[in-house]
Amino acid sequence: MQTTLPALSPELLAAALGAAAGQAVPLYQPRMWIPQFPDYQQDAWSVRQVPMLTMKGYWGSPYLVANTTMLMRHGRESWMSVTPSELESQELGCRLARGHTVVLGFGMGIAACNAALNPAVSKVTVVEYDPIVLDLAETAGIIAQLPADIAAKITLLQGDAHHWQPDEAVDTLLADYWFPFYDPERLAEMRAVQTRVAAKQVFFWGQELNLAWLIHQRHGEVCVLDDAALAELITTDTGLPLLWPRGEDYGTAIVAAARHWLPLAVRQGMRWPLPTRTSA
């Protein structure tokens, strides 16, 4: 006789996983607004609904994730998702954005919509290259799911981030049009983009990983910098008006993200001391 086991709630399953692992594995509770996505299939792209999975967030904490969505390419490669690593890696930029904000890469709409929800943001201009992504945005009605006054802030354009130029002043630039998190040439690419956009402040997806590499180059190890040392390094070595949170121990966050998301081959060539704060 077949026995059917009772279904566990995500909360109970998270507690069971944590007990088995010997550490807390909480149920992920996103702090960002997330749109709803219908089933979708277009050429090589499809939307997949995932009922439950375990994964680490961008800062390294493990989570149980319930009812998340992934945009798949060729049915097997997750190109974009509303998972902890994706959400946490974009949250700082959305929270710190101000004024006219340009978002390079619409993706699943997370950065554009959450920037628009920030009261300090007056306008959001989104530049997206891929017509499939634009079609998904329209099919899912992503922007229309926002309150009307928030949706009215957003203008969605088709264009190439490598060539697009604004026709008005830009206060904040949020860039997220790559895969994967880290590329050693990303700082140079962002400097080229910034020559055309001329934003007052710039945040790019995965910037913590590039900052970790600069720290290693400067100090010979991926040490935790205090705000003064970090400000000096960013000003001197990035060539960008980089957007980052002061007074929030960002130096520790940089090291945490780099430990978990830099490619293994890169991490193995770096020195990782016990976390100690280095001053300017």
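Just so we're clear, the structure is a prediction, and the values are computed from it rather than from any experiment.
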| query | Are Trp178 and Leu173 connected, step by step, through hydrophobic side chains (Ile, Leu, Val, Met, Phe, Trp, Tyr) whose heavy atoms are closer than 4.5 Å? | reply | yes

| Is the backbone of Ile34 close enough, under 3.5 Å, to the side chain of Gln145 for a donor and an acceptor to pair up by distance? | no

| field | Residue from Pro35, Pro30, Cys94 passing side chain to side chain contact (heavy atoms under 4.5 Å, CB included) with Ile110 | value | Pro35

| field | Nearest atoms (heavy-atom pairs only) where Thr238 meets Ile234 | value | OG1-O, 2.6 Å

| field | Donor-acceptor contact present, side-chain Thr155 to main-chain Thr125, <3.5 Å | value | no

| said: Within the structure provided, determine whether Pro263 and Tyr182 are in side-chain contact (heavy-atom separation under 4.5 Å). | reply: yes

| request: Can you sort out the partners of Lys56 under side chain to side chain donor-acceptor pair (under 3.5 Å), two or more places apart, ordered by chain and number? | output: none

| message | Evaluate Tyr63 against Gln29 for side-chain hydrogen bond (donor to acceptor under 3.5 Å, both in side chains), listing each step before the verdict. | response | CA-CA 9 Å; Tyr63 295 106; Gln29 302 289 349; over 6 Å; no

| Gln207 side chain reached by Arg186 side chain, heavy atoms, under 4.5 Å | no

| message | Using the rule that Ile, Leu, Val, Met, Phe, Trp and Tyr join whenever any side-chain heavy atoms are under 4.5 Å apart, tell me whether Tyr129 and Val103 fall into a single cluster. | response | no

| remark: Shortest non-hydrogen pair, Pro245 vs Leu92, comes out as CG-CD2, 3.9 Å

| message | Taking the side chain as everything from C-beta on, heavy atoms only, tell me whether Leu136 gets closer than 4.5 Å to Val47. | response | yes

| query | Are the side chains of Arg191 and Leu240 in touch, meaning some heavy atoms are under 4.5 Å apart? | reply | yes

| note | Scanning both residues in full, the closest heavy-atom pair of Ala161 with Leu104 reads CB-CD1, 4.0 Å

| field | Distance in Å, Ser85 OG paired with Phe181 CZ, rounded so as to fall on 0.5 Å steps | value | 4.5 Å

| query | Can you find a heavy atom in the side chain of Met70 that is under 4.5 Å from one in the side chain of Leu53? | reply | yes

| query | Can you list the steps and then say if Tyr58 with Glu91 is a side-chain hydrogen bond (donor to acceptor under 3.5 Å, both in side chains)? | reply | CA-CA 10 Å; Tyr58 185 61; Glu91 185 176 357; over 6 Å; no

| task | Applying ring pair (Phe, Tyr, Trp, His ring centres under 6.0 Å), name anything that partners His100, two or more places apart in sequence or on another chain. | result | none

| Between Gly105 and Tyr177, which heavy-atom pair has the shortest distance, and what is it? | CA-CB, 4.2 Å

| request: Drop me the distance from Cys223's SG to Arg218's CZ, to the nearest 0.5 angstrom. | output: 10.0 Å

| Between Arg73 and Phe179, is any pair of side-chain heavy atoms under 4.5 Å apart? | no

| task | Determine whether more than 12 heavy atoms belonging to other residues, nucleotides or ligands lie under 6.0 Å from atom CD of Glu138. | result | no

| Sub-3.5 Å donor-acceptor pair from the side chain of Arg31 to the main-chain atoms of Glu88, do we have one? | no

| said: Please check: side-chain N/O of Gln194 versus main-chain N/O of Gly239, any donor-acceptor pairing under 3.5 Å? | reply: no

| task | Begin with the C-alpha distance, continue with both residues' side-chain angles, and end with the deciding distance and a verdict on side chain to side chain contact (heavy atoms under 4.5 Å, CB included) for Thr101 and Phe203. | result | CA-CA 11 Å; Thr101 297; Phe203 180 90; over 6 Å; no

| message | Using a 3.5 Å distance criterion without hydrogens, assess whether the side chain of Asn210 forms a donor-acceptor pair with backbone atoms of Asp183. | response | yes

| Side chain of Thr235, backbone of Glu232: donor and acceptor closer than 3.5 Å? | no

| request: Measure across Ala97 and Ala120 and return the closest heavy-atom pair with its distance rounded to 0.1 Å. | output: O-CB, 3.9 Å

| task | Check whether any side-chain N or O of Glu128 sits under 3.5 Å from a backbone N or O of Asp130 as a donor-acceptor pair, and report yes or no. | result | yes

| task | Applying side chain to side chain contact (heavy atoms under 4.5 Å, CB included), run through Met270 and Trp213 and close with a yes or a no. | result | CA-CA 8 Å; Met270 302 170 81; Trp213 176 255; 3.8 Å; yes

| request: Report yes if the side chains of Ile254 and Tyr250 come closer than 4.5 Å at any heavy-atom pair, otherwise no. | output: yes

| query | CG of Leu96 to CD of Glu248: how many Å apart, nearest 0.5 Å? | reply | 6.5 Å

| query | With distance as the sole test, does Glu86 use its side chain to make a donor-acceptor pair with the main-chain N or O of Thr83 at under 3.5 Å? | reply | no

| How far apart are the closest heavy atoms of Ser89 and Trp205, and which atoms are they? | OG-NE1, 2.8 Å

| note | So CE of Met72 and CZ of Arg48: to nearest 0.5 Å the spacing works out to 4.0 Å

| query | Hey, does the Lys NZ or Arg CZ of Arg246 hover above the aromatic six-ring of Trp244, less than 6.0 Å from the centre and inside 45° of the axis? | reply | yes

| query | Roughly how far apart are Lys153 NZ and Leu146 CG, rounded to 0.5 Å? | reply | 10.0 Å

| Among pairs that include at least one residue of residues 34-45, which meet side-chain hydrogen bond (donor to acceptor under 3.5 Å, both in side chains), considering only residues two or more places apart or in two chains? | Tyr40-Asp135

| said: Does any part of the side chain of Ser81, heavy atoms only, come nearer than 4.5 Å to the side chain of Thr68, both counted from C-beta? | reply: no

| message | Is it the case that the side chain of Trp272 and the backbone of Arg267 share a donor-acceptor pair, with hydrogens and angles ignored and the cut-off at 3.5 Å? | response | yes

| query | Rounded to the nearest 0.5 Å, how far apart are CG of Leu187 and CG of Asp237? | reply | 9.5 Å

| said: Name the residue from Lys200, Lys123, Arg98 that meets the salt bridge (Lys or Arg N to Asp or Glu O under 4.0 Å) definition with Asp171. | reply: Lys200

